[in-house]
Amino acid sequence: MEEEIIPFIISKGMVMTASFRREADETVYIWIRRFDYKTHLAALYEAVYESDHWKGVLSPKIGALLNREASNVLRVTPTAMSPMQ
């Protein structure tokens, strides 16, 4: 993640705010990205996930490492307390 995937997605304009590994289980990986607008999200997803580099280089590597059945994707929105608003 830190050597290939995160630098790549950042180069495409995505904002990474944090990444973590669980202390008790290093197979658990959490990453947090920030998107300002839904239209911005769609453009960034296209730039990353439709790119030749993602499809040809990174995606095959991820497929061998990721347990898709155990994956949990959460989409959250900022609260009124968020400094981003």
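Only heavy atoms go into these numbers, but all of them, side chains included; no hydrogens, no water, no symmetry mates. Residue numbers run from 1 in the order of the sequence given.
- Using cut-offs of 30° and 60° on the angle between ring planes, the pair H53 and F8 is tilted.
- Considering only heavy atoms from C-beta on, I5 comes within 4.5 Å of W54 through its side chain.
- At a threshold of 4.5 Å between non-hydrogen side-chain atoms, the residues Y45 and E50 do not count as touching.
- Atoms CD1 and CE, from I30 and M1 in turn, are 11.5 Å apart once rounded to the nearest 0.5 Å.
- Annotation for R21 and E26: closest pair NH2-O, 3.2 Å, computed over non-hydrogen atoms.
- Looking at heavy atoms from C-beta onward, W31 lies in side-chain contact with I9 at the 4.5 angstrom threshold.
- How far CD1 of I62 is from CD of E4: 9.0 Å, rounded to the nearest 0.5 Å.
- For E69, there are no salt bridge (Lys or Arg N to Asp or Glu O under 4.0 Å) partners at least two apart in sequence or on another chain.
- Every residue was checked against the side-chain contact (heavy atoms from CB on, under 4.5 Å) condition with D52, not counting sequence neighbours, and none meets it.
- Connection of L66 to I6 is established within a shared hydrophobic cluster, with ILVMFWY side chains joined at heavy-atom distances below 4.5 Å, either directly or through further cluster members.
- Open room surrounds CD on E23; 12 or fewer heavy atoms of other groups in view lie less than 6.0 Å from it.
- Under the 4.5 Å side-chain contact rule for hydrophobic residues, M14 and I10 share a cluster.
- How far NZ of K12 is from OH of Y49: 12.5 Å, rounded to the nearest 0.5 Å.
- For A18, the side-chain contact (heavy atoms from CB on, under 4.5 Å) test picks out F20, I32, with sequence neighbours left out.
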